[in-house]
Amino acid sequence: MNRRILLICICTCISLCACHGITSENELDTNDNAIKLSDNNISEEEMVFLDKYNNLAVQENAKSVALIYLDEDSIPELLVLKDGEYRVYSFDGYEIKSAVMSNTEIKANSYGPKHNFEESGHQTFYWFEYVPYEGLIRVHGGNDQERHDYYLKYTNGLFETELEAKSIDYTWHTYNAEKEIENAEFLSQLSDLGYDKLIPCSYLYENVEAAYENIGATSDIKIVLNNFVSGKIDALDYVKEMGSIPEESFVMRSYEDFFDDITEGEEAWGSVEYMDFDNDGDEELIIHGYAGGCLFFDVIGDTVYKVLETGSTNDVAYIAVYKGKRVIARTDLTHTGRKSYEIMEFDPCCCLTDWFHLYAEYDGTEYSDEDMFMYRNNEISMDEFETILDNIHQP
């Protein structure tokens, strides 16, 4: 995103400072924590809010910050990562205000359970996700046993909950204003309300000066993935502990290590494929290994991120299309008496937005209409099972 020209009126700023017993010159010159930006073109008006943000970051001992344009005004919001949670602050030309969640139970966690809930022993890092200038964000809560996503609208310093999604006992639940709704309706509202345009805040910085100089920084996903495959950089496997500086807790592994693991050391069993599996128009990386095992990687900023790992034989994965969207299908089709499909839809932020289990259980080698069929934890008929299955196809 391009840096916007900040248009705070000079006379308004001077008037505000005078009314409160300070001048911008005194504040900036006498404050030991004042910012000294290298940009010679920075205006005095910009220095006012940057210095305010800097003072707050120093006071909070924040080691990971970013500046983002969350709403439509010309002053960016300050994003602070502290004690494992994101905090949002705004400046109105007079004072800094902390954005308040609509519910005290909502936590904007930066660390939490991985997307495949069976592997709760490893946690991942959640980037802050927002729609620039639209005031839309998604934050993650829950614990090791439950994943909870909140879709929030930022208005006048307050976050209001619009949609929710969470996993309970390996079942995906979706909500609108505290009422549970069908997942199809949830996905439709994500698009209607604009949450399908969420992007991650890809970079966090040590101070406000660096955050401002790099505001809106982006990267080329192809270059970053090529750097990983060629051995120039490693990829994030999981997070070992919560920390103020996320990178210090990242467990990074090389492409060679990942490849050796998924192929069990036999290079001939492995292959690499580039394919868009999160519907963002860019091709992500898939490493295919022994007996159908797969590793799926995406990029956020300049970090390669392991989105998902599947096993082998009874956990064979492939990219499919379901209702017009790319999904990852995890299948168990090798055992007599059952057919199992786990369908997972990810978005460009590496976040799971839909997940369901389609399952048939029967005696012998073939099922009939007298056997058990399940979809989203509800029993269905054989015809319904086959109709859903027919809608899961190769891209």
> Which residues pass the salt bridge (charged side-chain N to carboxylate O under 4.0 Å, His left out) test with Arg253, sequence neighbours left out?
Replying inline: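 Salt bridge (charged side-chain N to carboxylate O under 4.0 Å, His left out) list for Arg253, sorted by chain: Asp237, Asp261.
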>> As a test of understanding, state which of Asp73, Leu78, Asp71 forms a side-chain contact (heavy atoms from CB on, under 4.5 Å) with Ile75.
In response: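 Result: among Asp73, Leu78, Asp71, Asp73 is the only option passing the side-chain contact (heavy atoms from CB on, under 4.5 Å) with Ile75.
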Please report whether the ring centroid of [Y] lies less than 6.0 Å from that of [X].
| X | Y | answer |
| --- | --- | --- |
| Phe297 | Phe258 | yes |
| Tyr375 | Phe385 | no |
| Phe296 | Phe346 | no |

Can you confirm whether [X] is buried at [atom1], in the sense that more than 12 heavy atoms of other residues, nucleotides or ligands lie under 6.0 Å from that atom?
| X | atom1 | result |
| --- | --- | --- |
| Glu105 | CD | no |
| Lys97 | NZ | no |
| Asn156 | CG | no |
| Asp257 | CG | yes |
| Glu247 | CD | yes |

>> Looking only at side-chain N and O atoms, does Glu185 offer a donor or acceptor that is under 3.5 Å from a partner on Asn176?
In response: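 Side-chain D/A pair, Asn176 to Glu185: absent.
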> Side chains of Tyr305 and Thr124: is there a donor and an acceptor less than 3.5 Å apart?
Replying inline: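 Side chains of Tyr305 and Thr124: pair found under 3.5 Å.
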Please check: side-chain N/O of [X] versus main-chain N/O of [Y], any donor-acceptor pairing under 3.5 Å?
| X | Y | value |
| --- | --- | --- |
| Ser188 | Ala184 | no |
| Ser254 | Asp234 | no |
| Ser167 | Arg147 | yes |
| Thr174 | Ile181 | yes |
| Ser249 | Met242 | no |
| Tyr195 | Leu152 | yes |
| Asn226 | Lys222 | yes |
| Tyr111 | Gly243 | yes |

Roughly how far, to the nearest 0.5 Å, is the [atom2] atom of [Y] from the [atom1] atom of [X]?
| X | Y | atom1 | atom2 | answer |
| --- | --- | --- | --- | --- |
| Thr171 | Asn377 | OG1 | CG | 3.5 Å |
| Tyr318 | Cys294 | OH | SG | 11.5 Å |
| Met344 | Asp354 | CE | CG | 10.0 Å |
| Tyr205 | Ile215 | OH | CD1 | 9.5 Å |
| Tyr53 | Leu67 | OH | CG | 7.0 Å |
| Leu358 | Glu386 | CG | CD | 10.5 Å |

>> Under the criterion side-chain contact (heavy atoms from CB on, under 4.5 Å), I'd like the reasoning laid out for Tyr150 against Phe159: C-alpha separation, chi angles, the key distance, then a yes or no.
In response: CA-CA 10 Å; Tyr150 300 92; Phe159 287 115; over 6 Å; no
> Knowing that exactly one of Tyr133, Tyr154, Tyr212, Tyr130 qualifies, which makes a ring pair (Phe, Tyr, Trp, His ring centres under 6.0 Å) with Tyr69?
Replying inline: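 One option only clears the test, and that one is Tyr133.
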> What pairs meet the salt bridge (charged side-chain N to carboxylate O under 4.0 Å, His left out) rule with one or both residues in residues 316-326, with sequence neighbours excluded?
Replying inline: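 Applying salt bridge (charged side-chain N to carboxylate O under 4.0 Å, His left out) to every pair that reaches into residues 316-326, excluding sequence neighbours, yields Lys325-Glu345.
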> Knowing that exactly one of Lys166, Glu129, Lys107 qualifies, which makes a side chain to side chain donor-acceptor pair (under 3.5 Å) with His140?
Replying inline: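 Output: one option passes, namely Glu129.
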> Is Asp347 salt-bridged to Arg138, going by a charged N under 4.0 Å from an acidic O?
Replying inline: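 Result for this pair is yes, salt bridge flagged.
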> Are the charged groups of Glu60 and Lys82 less than 4.0 angstrom apart, N to O?
Replying inline: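 Yes, charged N to carboxylate O under 4.0 Å.
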> Would Tyr89 and Leu56 count as a side-chain contact (heavy atoms from CB on, under 4.5 Å) if you check the C-alpha gap in whole Å, the side-chain angles of each, and the deciding distance to 0.1 Å?
Replying inline: CA-CA 9 Å; Tyr89 300 90; Leu56 174 66; 3.5 Å; yes
>> Taking side-chain hydrogen bond (donor to acceptor under 3.5 Å, both in side chains) as the cut-off, I'd like each qualifying pair that reaches into residues 276-298, sequence neighbours left out, listed once.
In response: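 The answer is Glu273-His288.
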>> Using the rule given for side-chain contact (heavy atoms from CB on, under 4.5 Å), can you reason through Ser340 versus His357, listing the C-alpha separation, both sets of side-chain angles and the distance that settles it, and then say yes or no?
In response: CA-CA 7 Å; Ser340 176; His357 191 197; 2.8 Å; yes
> Between Trp127 and Phe125, what is the ring plane arrangement, given parallel below 30°, perpendicular above 60°, and tilted in between?
Replying inline: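 Perpendicular.
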> Between Val88 and Tyr86, is a side-chain contact (heavy atoms from CB on, under 4.5 Å) present by the stated rule, with each step listed?
Replying inline: CA-CA 7 Å; Val88 178; Tyr86 291 108; 5.7 Å; no
